[in-house]
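Below, chain A is the first sequence line, B the second, and so on; all start at residue 1.
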Amino acid sequence: MKSLLLHAKEFCYRPVKPAIKEYRDEVKEGEEKCFENALVVFVTVEDQDSANPKGVVSAAVDDIVKHLERVKASSVIIYPYAHLSPRLAPPHVAVKVLRLLEEELSSACKVDVHRAPFGWYKEFKLHCYGHPLAELSRTYTAPPERRSYEKKYLVLTPDGKVYEPEEFLEKADPELRILIEKEALGKELGEAENPVTRLAGKFGFEWEPYSDYGHMRYEPHAALMLEAVARYSWLVAQRLGIPVLRVHGTNMFDLSIKAVREHAELFSDRLYDIWADKKHLILRYAACHQQFAILKDYILSYRDLPLGMFEVADSYRFEQPGELLLSFRLRKFHMPDLHILTKDVDEAIKIVREKVQPVIHEEASKLGRSYVALYNVTSSFWEERFNDILEFVKRDGRPALVSIIPPLYYWVINVEYHIIDAAGRPREIATFQIDIGNAKRFGIKYVDSEDKERHPVIIHTALIGSIERYIYMVLDTAVQEYQKGRTPSIPVWLSPIQVRVIPVKPHDEQLAFAEEVLNKLLEAGVRADIDDRDISLGRRIRDAAREWIPFIAVIGSREVETKTINLTVRKTNDRLSVTIDELLAMLRKELKGYPLVEQTLPVRVSQRPTLAYLEKSVFSAR
RNA sequence: GCCGCCGUAGCUCAGCGGGCAGAGCGCCGGCCUUGUAAGCCGGUGGUCGCGGGUUCAAAUCCCGCCGGCGGCUCCA
């Protein structure tokens, strides 16, 4: 809120004609009002004030009252004045704030408080005193309002028993114990290095220092992984066995749209917003806005449900700088967001149980991981749907932590699936929610079998988590392999380079055969490259190993002779002699069900510059 | 955002009870012509995060800022 405080010997104004239709104060047109020895407060309500109107008004009242005592004016005039800021609050907020200011100021000071009407063109006459305090300008701000509410934690076991968290602690498996201690008991976890972000750096996941906090850049190895996971997330969505439409949206939405604004208010201070052309735009925090905006235009029958909509959405959340974590908590990230429209809560529960939950768990187990669940449920859902919640927990196959909260948001249940990472921290990866509010808010409808219009219940889910978090889980898995004394690796389908071909002598006939092998791999869609640099074999082997390449194919005179490949397999540390067809068969087996993604680097290693990120040592302290 | 720790070459780091800015890797040049985790020799490379202060003299001590890491708050 911006204001100009003028101490006037005399002040008169007259409403000339209406300026806006809505939210206008009712006054008699042309009626002049005059005041003597008045403090005239010109006020501009700014957009940011809507986050905490009470706080801003209270700051303003405190200051105005103090100032009144000093200048000893006999009345105060609150005068709406839209010209002190380029970032105006929308009229409905401005009116609300101005009225609140009038009300609070009246009860806080002894003199008369008058408010000039909002929404009118007015003329005014002002005779300002010349003393030092007669003219002041002020900016009033307040931090956004925090919603605080009581959370009640419980543990629910698959056999239907309910425990207090403390009570269950001894019975809990180590992973659940960590989740309970952190989430429910607020235990501090102490200092721990995070080896995962270090490993991420080695693959070219880095902060971009030329951008805002929490924005990453993805160098060639990382860019490949990001793309591969994005493509994979779509394959996973299609595996649900229900119809899913894939869309591509925009990342900015106009806050003056009511549905957008209402949805945004739930998100409060984590909104990432920008101003352009006098429009206040928010950056989407998931694909919700876009998909709902599309779905509201669809004509849907109950026969069309369940229906999914999917996008890998660039998403933005204004996280506090101190809580950012590379490839995990970001201001910009990529969300493979799936929304499933269902007829009602019963159908939503059925779909989650039969389709969503199995896929979420299956995807974690493909990486050798398992989730420990945190169920956030509203109190009424807990009471009315206990058996359905229990059925979910049964399907998770292990006890879950449950948090019961008031119905503040659009969902009735919001399940977070956490891994426990190498540093012993719970990290949310996958999630699903059942949403009963947004269909109505965005005007999404379907016609039921009795020809009645109804709002669908929407399942929100990130089956594999955000792209970056899925990668975090992959890298964390590698770190944990290393901690167990095994050779750390990442899945072949996700390896930026899958096969490195190394001719012992990178000239003569070895190179020709090596290139033949390379081309056969490339034709099969394998990401293969060739280290044709004129340096020692040992050095090239070392470089390939340092890049964590799963298959290293050495080709020397012996191999040229026998038409074979001398293959080193990272994961098992095996050295094998195989034919090209045998190698292709091995790769086909590994890559089945995963996307083939084109490589992000030149095929010849000699044509690549030195990539500094590859030089990073990962497990230095051991 | 709050508290604590840390910012030295492209990377990993040493130097920091003040006195000419260092090593290894990388990179460049030359030699070697290669069989499974660094072939040999030489060279190159710095606004010691930024700004201010103390001092004859600051990478080193002090203050402020910026950035990173860890913890906390937060996580619809």
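No hydrogens or angles were tested; on distance alone, nothing pairs the side chain of Thr610(A) with the base of rG10(B) as donor and acceptor under 3.5 Å. In this model, a side-chain donor or acceptor of Arg558(A) finds a partner on the base of rG35(B) within 3.5 Å. For a distance-only test at 3.5 Å, the side chain of Arg270(A) fails to qualify as a donor-acceptor partner of the base of rC75(B). Under 3.5 Å, the side chain of Glu559(A) and the base of rG35(B) form at least one donor-acceptor pair of N or O atoms.
Figure legend: Arg217(A) and Trp207(A) shown without cation-pi pairing, the cationic atom not lying both under 6.0 angstrom from the six-membered ring centre and within 45 degrees of its axis. A cation-pi geometry, defined here as NZ or CZ lying under 6.0 Å from the six-membered ring centre and within 45° of its normal, does not hold between Arg270(A) and Phe318(A). Cation-pi geometry between Arg427(A) and Phe328(A) is met: the NZ or CZ atom falls under 6.0 Å from the ring centre, inside 45° of the normal.
Taking atom C1' in both rC62(B) and rG1(B), one finds a spacing of 27 Å when rounded to whole Å. Rounded to whole Å, the separation between the P atoms of rG7(B) and rC74(B) comes to 31 Å. Taking the C1' atoms as reference points, rA59(B) lies 29 Å from rG42(B), given to the whole Å. Using P as the reference atom, rG64(B) and rC2(B) are 13 Å apart when rounded to the nearest Å. Separation of the P atoms belonging to rA9(B) and rA23(B) is 14 Å when rounded to the nearest angstrom. Between the P atoms of rG71(B) and rG53(B), the separation comes to 38 Å (whole Å). The gap from the C1' atom of rC6(B) to that of rU12(B) amounts to 16 Å, rounded to the nearest Å. Of the P atoms belonging to rC32(B) and rG51(B), the separation is 49 Å, rounded to the nearest Å.
Among the heavy atoms of the strands lying under 4.0 Å from Gly538(A) are primed sugar atoms or P, OP1, OP2 only; no base atom is included. Arg575(A) comes within contact range of at least one nucleobase, with a heavy-atom separation under 4.0 Å. Residue Tyr285(A) is classed as a base contact, given a heavy-atom separation below 4.0 Å to a base. At a threshold of 4.0 angstrom between heavy atoms, the contacts of His263(A) with the nucleic acid are absent. Across all strands, Arg425(A) comes closer than 4.0 Å only to sugar-phosphate atoms, never to a base (heavy-atom distances). Using a 4.0 Å heavy-atom cutoff across all strands shown, Ile535(A) reaches at least one base atom of the nucleic acid. At a threshold of 4.0 angstrom between heavy atoms, the contacts of Asp543(A) with the nucleic acid are absent.
Base pairing analysis places rA59(B) opposite nothing; no Watson-Crick or G-U wobble pair with both distances below 3.5 Å involves it. Look at rC2(B): its Watson-Crick or wobble partner, with both distances under 3.5 angstrom, is rG71(B). Using Watson-Crick or G-U wobble geometry with both donor-acceptor distances under 3.5 Å, rG10(B) finds its partner in rC25(B). In a base pair of the Watson-Crick type (N1 to N3 plus N6-O4 or O6-N4) or a G-U wobble (N1-O2 and O6-N3), with each distance short of 3.5 Å, rU36(B) is matched with no nucleotide.
In this structure, the nucleotide among rA38(B), rU36(B), rC74(B) sitting nearest to the side chain of Arg539(A) is rA38(B). Relative to the side chain of Ala545(A), the nucleotides rU73(B), rA37(B), rC75(B) differ in distance, and rA37(B) lies closest. Closest approach to the Glu615(A) side chain among rG70(B), rC25(B), rA38(B) is made by rC25(B) (side chain taken as heavy atoms from C-beta onward). Of the candidates rU33(B), rG1(B), rG35(B), rG1(B) carries the atom nearest the Gln320(A) side chain, counting heavy atoms from C-beta on. The side chain of Glu188(A) lies closest to rC72(B) when the candidates are rU12(B), rC72(B), rG68(B).
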Check the pair Asn251(A) / Tyr316(A) against side chain to side chain donor-acceptor pair (under 3.5 Å), numbers first and verdict last. CA-CA 8 Å; Asn251(A) 53 10; Tyr316(A) 304 81; 3.2 Å; yes

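In this structure, Leu324(A) atom CG and rC2(B) atom P are separated by 14 Å, rounded to whole Å. For the pair Arg533(A) CZ and rA38(B) C1', the interatomic distance rounds to 12 Å; values are reported in whole Å. Counting to the nearest Å, the C1' atom of rC74(B) and the CZ atom of Arg427(A) are 14 Å from each other. Atoms CG (Asp532(A)) and C1' (rU33(B)) sit 15 Å apart, rounded to a whole Å. Rounding to whole angstrom units, CH2 of residue Trp207(A) and C1' of rG7(B) are separated by 17 Å.
In terms of position on RNA chain B, the residue among Arg329(A) and Lys187(A) whose nearest nucleotide sits closer to the 5' end is Lys187(A). The residue among Leu325(A) and Glu428(A) whose nearest nucleotide of RNA chain B lies closer to the 5′ end is Leu325(A).
A perpendicular orientation is assigned to the rings of Phe205(A) and Tyr218(A), their planes being inclined by more than 60° (bins at 30° and 60°).
Using a 4.5 Å heavy-atom cutoff, the side chains of Ser315(A) and Tyr285(A) are not in contact. Counting only heavy atoms from C-beta outward, the side chains of Val196(A) and Tyr472(A) approach each other to under 4.5 Å. Residues Asp435(A) and Ile459(A) are not in side-chain contact: their nearest non-hydrogen atoms beyond the backbone lie 4.5 Å or more apart.
Taking only side-chain nitrogens and oxygens, Ser536(A) comes nearer than 4.0 Å to OP1 or OP2 of rG39(B). Dashed line: the shortest gap from a side-chain N or O of Tyr213(A) to OP1 or OP2 of rG67(B) is under 4.0 Å.
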